[in-house]
Amino acid sequence: MAGINFSLEYEDVQKIQQAIGNYEDKAEDVINKYMHGEGKDKLMKSIHNCIPVSDRNKKHARDADSLTSKNFNLGIRITTKQKYNYLVFPMTASGTSQGKSEKPFMEEGVKKVKDNVVNEILDKLREVNI
């Protein structure tokens with residue numbers, strides 16, 4: 001199964017801690033609500049757009065509902081649905097992809113929207129502080 005965890009990095013947490021201010025009791029709920037809703041949608045869409053497509057004449061994972069997610073506190077885990085677990089092979093350059101270069105599409109997808117997700121968390125926290 002191909003999968004990736006998205007959780008806040010140290011630098012991101014520092015930025016968010018500054019925005020939390022006197023609203024620490026509400027901050028965790030605000031972050032979780034965003035991460036498990038809008039944030040998850042952005043991350044999944046970005047990862048989905050990075051899924052490699054082979055030249056085989058078949059339905060591809062990029063054209064299907066191939067990802068799923070599981071929420072955890074201040075983060076989410078995004079994985080392929082069981083039917084699409086073969087995506088681990090191009091991701092790790094193993095199996096029939098052996099000898100080819102790795103295609104870390106999940107990491108690429110997260111990297112593309114990470115700053116946007118963190119900035120939107122900060123915006124949500126600022127709204128609470130108003």
Discussion item. When you compare the side chain of M106 with that of V110, does any pair of heavy atoms fall below 4.5 Å?
Written reply: no
Worksheet item: Does some side-chain heavy atom of Y34 sit less than 4.5 Å from a side-chain heavy atom of V117?
Response: yes
Test your reading of the model: is there a side-chain donor-acceptor pair from [X] to the backbone of [Y], 3.5 Å cut-off?
| X | Y | result |
| --- | --- | --- |
| N32 | L74 | yes |
| H48 | D65 | no |
| S46 | G109 | yes |
| H36 | G75 | yes |

Enter the distance from [X]:[atom1] to [Y]:[atom2] here, rounded to the nearest 0.5 Å.
| X | Y | atom1 | atom2 | result |
| --- | --- | --- | --- | --- |
| E107 | K111 | CD | NZ | 9.5 Å |
| I51 | T80 | CD1 | OG1 | 8.5 Å |
| F72 | R77 | CZ | CZ | 8.5 Å |
| I47 | K112 | CD1 | NZ | 11.0 Å |
| K114 | L43 | NZ | CG | 11.0 Å |
| D41 | K45 | CG | NZ | 10.0 Å |

Worksheet entry | CA sep, side-chain torsions, deciding dist, call: D29, K26, salt bridge (Lys or Arg N to Asp or Glu O under 4.0 Å) | CA-CA 5 Å; D29 291 338; K26 295 179 186 175; over 6 Å; no
Worksheet item: Under 6.0 Å from the NZ atom of K70, do we count more than 12 heavy atoms belonging to anything else shown?
Response: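 Counting neighbours around NZ of K70, 12 or fewer heavy atoms of other residues, nucleotides or ligands fall under 6.0 Å, so no.
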Discussion item. Other residues, nucleotides and ligands only: do more than 12 of their heavy atoms fall within 6.0 Å of CD on E11?
Written reply: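 Yes - once you tally the heavy atoms of other residues, nucleotides and ligands closer than 6.0 Å, there are more than 12.
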Worksheet entry | Closest non-hydrogen atom pair, I76 against M35 | CG2-O, 3.8 Å
Worksheet item: Going by an N to O cut-off under 4.0 Å, is there a salt bridge joining E38 and K124?
Response: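 A salt bridge is present here (some side-chain N lies under 4.0 Å from a carboxylate O).
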Practice prompt. Given side chain to side chain contact (heavy atoms under 4.5 Å, CB included), test N116 with K42 step by step and report yes or no.
Written response: CA-CA 9 Å; N116 184 263; K42 283 184 187 296; 3.4 Å; yes
Worksheet item: Are F105 and N49 close enough, and set up right, to give a side chain to side chain contact (heavy atoms under 4.5 Å, CB included), and what steps lead you there?
Response: CA-CA 9 Å; F105 65 91; N49 289 336; over 6 Å; no
Fill in: side chain to side chain contact (heavy atoms under 4.5 Å, CB included) evaluation trace for K40 with N71
CA-CA 9 Å; K40 174 175 61 178; N71 298 338; 3.9 Å; yes
Item to complete: Please report the C-alpha distance between S66 and K83 in whole Å, then the side-chain angles of each, then the deciding distance to 0.1 Å, and finally whether the side chain to side chain contact (heavy atoms under 4.5 Å, CB included) criterion is met.
Response: CA-CA 8 Å; S66 55; K83 181 178 178 180; over 6 Å; no
